[in-house]
Colleague: 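Attaching a single structure in structure tokens format; questions to follow.
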Amino acid sequence: NALVANKTWELVPNPPDVNVIRSMWIFLHKRKSDGSFERQKSCLVGDGKTQQPGVDWDETFSPVVKPATIHTVLSIVVSKSWHIHQLDVKNAFLHGYFNETIYMHQPMGFRDKGRPNHVCLLKKSLYGLKQAPRAWYQRFADFVATIGFSHSKSDHSLFIYSQGLDMAYILLYVDDIILTTSSDRLRKHFMALLGAEFAMKDLGPLSFFLGIVVSRDANGMFLSQKQYATEIIERAGMANCSSCPTPVDTKPKLSASKDSPYEDPTKYRSLAGALQYLTFTRPDISYAVQQICLHMHDPRNEHMSALKRILRYLQGTLSYGLHLYKSSFNKLISYTDADWGGCPDTRRSTSDYCVFLGDNLISWSSKRQPTWIWNLLLELHCPIPKATLVYCDNVSAIYLSGNPVQHQRTKHIEMDIHFVREKVAKGGVWVLHVPSRYQIASIFTKGLPRILFEDFRASLNVREPPVSTTGVC
């Protein structure tokens, strides 16, 4: 009924020599944030596998909001005590339009008795089509532009509204939407405009987004993926395993071919991929996960043992998550570290960053993030008045960042050196020395002893949940 009411297609005689794609019904169990059953759900999807390139699909890429953008916006929301709500668009992909001509067989069980041989000429997008996410994104972006939003140049899935003292941000991740505004009046205003254009429901204060449980109290916000981590451990058949104090040992990095091949590489890849998404709220496992993901093409028994160690570590820290506190965000601080030539096979280095906005960790393990985040904050109308502080424990690197003399041994990285020097010369970046004992970024480049690991983990604001997580978003 929703598809028909939305005028998703019109029935037409089956044209000769055209590609007619299949359709299928998908039946789902929608679950709450704690994993309990909520309701049954059905969805008609087009079979994208039967689409033909250049015939009924062309461009398919659709941007999704970056994790660092989400962390940055949430940090600002907490610090400014703004309300933040999650929105649900009913049958979001059905709102999208596309330029291609697409024919589809009538849905099973709902074939028109008077026209059984007709096919559906699609007028709007449908789940399962290759271009469906792109069509929905473009439809949504075009509309919010008409009500005063502009998309960020740093992240095209972030939409920003600024009129005088009124501010609003929209985060779009496929069909999951977060809306935060500087006032409740402004939130109701945009909710009314969005509701008039799309079949939309206000799910209330942000509490469960992309599988992440969001809890808020007077002091800040707590992000947790406890249920997701539990499901990964159960999928691995390790629900009753003993815990481990750290996710990785202090031995040299894993070799690509030292041990015999693991018997079930598909299982290894599935678990490694699942752990990648868990790093959204658990930066403390980022290095360990990065190491096992290097060997997904040819996993060995040694690699599976390393993966199981991560799961044992999670078993003992299931309740841990990422804290975001009320904090002044007038400073951007970055720690950078490198494990030079650490790979036993290629002798390549592991280089990582972690970036703090005020007291909150917002990004980690991505190159040149301090500059990118500086531009993002400028677009969010939250400019950083002070220079970005970059802490490094390599004295030679600090010397090169400020010394205009080129050395023969650095000519191969001349462009990177000029980039950093330009920022230092203009006063936008200060590169400072930090002793290795306080180099937080080391947790992203190597295995650490337990005491040092736990100290750095706490510095990243990865801790157990607060005693009380009740409050209003």
Side-chain angles (χ1 to χ4, degrees), residues 1-32 35-62 64 87-140 143 172-177 195 197-201 203 208 210-211 231 235 266-267 269-270 273-274:
N1 289 338
L3 293 166
V4 172
N6 195 51
K7 298 181 180 179
T8 309
W9 61 70
E10 64 172 301
L11 288 178
V12 299
N14 190 351
D17 302 323
V18 299
N19 182 45
V20 183
I21 69 171
R22 298 177 299 179
S23 65
M24 64 186 76
W25 289 102
I26 302 296
F27 301 99
L28 309 168
H29 283 170
K30 190 172 180 63
R31 299 189 178 277
K32 300 177 182 178
S36 61
F37 174 79
E38 180 179 344
R39 62 184 173 88
Q40 293 176 320
K41 184 177 180 181
S42 62
C43 182
L44 180 72
V45 302
D47 186 358
K49 293 181 181 179
T50 58
Q51 288 183 264
Q52 296 179 356
V55 176
D56 45 26
W57 71 271
D58 187 11
E59 295 185 0
T60 63
F61 174 77
S62 176
V64 293
L87 312 179
D88 176 45
V89 181
K90 297 179 181 178
N91 302 307
F93 282 12
L94 305 187
H95 293 282
Y97 299 102
F98 40 71
N99 299 321
E100 301 87 354
T101 300
I102 302 178
Y103 296 95
M104 183 184 75
H105 291 293
Q106 294 188 48
M108 290 184 293
F110 294 90
R111 188 178 297 273
D112 189 291
K113 294 181 180 180
R115 295 172 291 176
N117 296 321
H118 280 45
V119 294
C120 301
L121 173 59
L122 296 183
K123 296 296 185 181
K124 294 184 180 179
S125 182
L126 196 67
Y127 286 87
L129 299 180
K130 293 183 181 296
Q131 63 269 58
R134 182 182 180 89
W136 156 243
Y137 168 84
Q138 196 60 54
R139 173 84 166 82
F140 184 83
F143 174 73
L172 180 66
Y173 194 102
V174 189
D175 57 350
D176 287 301
I177 301 172
E197 183 70 12
F198 308 109
M200 185 170 289
K201 180 181 180 182
L203 298 180
F208 188 61
L210 303 178
E231 291 173 359
R235 193 193 312 171
T266 300
K267 178 181 179 180
R269 292 166 189 144
S270 174

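Both backbone and side-chain heavy atoms feed into the values below; hydrogens, waters and symmetry mates do not. Not measured: the values here are computed from a predicted model.
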Colleague: Does Y127 have any ring-ring contact (aromatic ring centres under 6.0 Å, His included) partners at least two apart in sequence or in another chain, and if so, which?
Modeller: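 If we apply the ring-ring contact (aromatic ring centres under 6.0 Å, His included) test to Y127, skipping adjacent residues, the hits are F93.
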
Colleague: Is any side-chain heavy atom of I177 closer than 4.5 Å to a side-chain heavy atom of F140?
Modeller: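 Yes, side chains in contact.
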
Colleague: Start with the C-alpha gap between Q40 and H29, add the side-chain angles, then the distance that decides, and say whether side chain to side chain contact (heavy atoms under 4.5 Å, CB included) holds.
Modeller: CA-CA 5 Å; Q40 293 176 320; H29 283 170; 4.1 Å; yes

Colleague: So, for L28 and I26, which heavy atoms are closest and what is the spacing to 0.1 Å?
Modeller: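 Minimum heavy-atom separation between L28 and I26: CD2-CG2, 3.6 Å.
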
Colleague: Determine, stepwise, if the pair T8 / L3 fulfils side chain to side chain contact (heavy atoms under 4.5 Å, CB included).
Modeller: CA-CA 6 Å; T8 309; L3 293 166; 3.8 Å; yes

Colleague: To the closest 0.5 Å, what do you measure between SG (C43) and CG (L126)?
Modeller: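 One finds 7.5 Å between SG of C43 and CG of L126.
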
Colleague: Is there a side-chain contact between P15 and V119 (heavy atoms, below 4.5 Å)?
Modeller: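 Heavy-atom side-chain distance check passes, below 4.5 Å.
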
Colleague: Would you please name every residue forming a ring-ring contact (aromatic ring centres under 6.0 Å, His included) with F27, sequence neighbours left out?
Modeller: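 ring-ring contact (aromatic ring centres under 6.0 Å, His included) list for F27, sorted by chain: empty.
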
Colleague: Taking side chain to side chain contact (heavy atoms under 4.5 Å, CB included) as the criterion, tell me which of T50, L122, N19 meets it with D56.
Modeller: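 The passing option is N19.
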
Colleague: Quick one: does any side-chain atom of K124 pair with a main-chain N or O of N6 as donor and acceptor, under 3.5 Å?
Modeller: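 Flag set: sc K124 to bb N6 pair under 3.5 Å.
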
Colleague: Roughly how far, to the nearest 0.5 Å, is the OH atom of Y97 from the CG atom of N99?
Modeller: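 The CG atom of N99 sits 12.5 Å away from the OH atom of Y97.
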
Colleague: More than 12 foreign heavy atoms under 6.0 Å from CZ of R269: is that the case here?
Modeller: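 For R269, atom CZ is crowded (more than 12 foreign heavy atoms under 6.0 Å).
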
Colleague: Minimum heavy-atom separation for I102 to Q51, with atom names?
Modeller: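 Reported closest heavy-atom pair: CD1-NE2, 4.1 Å.
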
Colleague: Rounded to the nearest 0.5 Å, what separation is found between the SG atom of C120 and the CG atom of L11?
Modeller: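 Nearest 0.5 Å value for the SG-CG distance: 5.0 Å.
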
Colleague: Kindly compute the distance separating NE2 (H95) from CZ (F198), expressed to the nearest 0.5 Å.
Modeller: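 Output value for this atom pair is 6.5 Å.
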
Colleague: Could you check whether any side-chain heavy atom of W57 comes within less than 4.5 Å of a side-chain heavy atom of L129, counting everything from C-beta outward?
Modeller: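 No, too far: nothing below the 4.5 Å cut-off.
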
Colleague: Q131 side chain to S125 main-chain N or O, any donor-acceptor pair under 3.5 Å?
Modeller: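 Not at all, since once roles are kept as given, no pair shorter than 3.5 Å links the two residues.
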
Colleague: Using the rule given for side chain to side chain contact (heavy atoms under 4.5 Å, CB included), can you reason through D47 versus I21, listing the C-alpha separation, both sets of side-chain angles and the distance that settles it, and then say yes or no?
Modeller: CA-CA 6 Å; D47 186 358; I21 69 171; 5.5 Å; no

Colleague: Got D88 and L203 here, is their nearest side-chain heavy-atom distance under 4.5 Å?
Modeller: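 The answer is yes; the side chains approach within 4.5 Å.
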
Colleague: Going from NZ on K123 to OG1 on T101, what distance comes out if it is rounded to the nearest 0.5 angstrom?
Modeller: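 It comes to 8.5 Å.
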
Colleague: For residues 103-111, tabulate all N or O donor-acceptor pairs below 3.5 Å that involve a side-chain atom, not counting sequence neighbours.
Modeller:
| residue | atom | partner | partner atom | Å |
| --- | --- | --- | --- | --- |
| Q106 | OE1 | D112 | N | 2.7 |
| Q106 | NE2 | R115 | O | 2.9 |
| Q106 | NE2 | H118 | O | 2.9 |
| R111 | NH1 | P116 | O | 2.8 |

Colleague: Quick check: do S23 and V45 have side-chain heavy atoms less than 4.5 Å from each other?
Modeller: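 No, every pair of side-chain atoms sits at 4.5 Å or beyond.
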
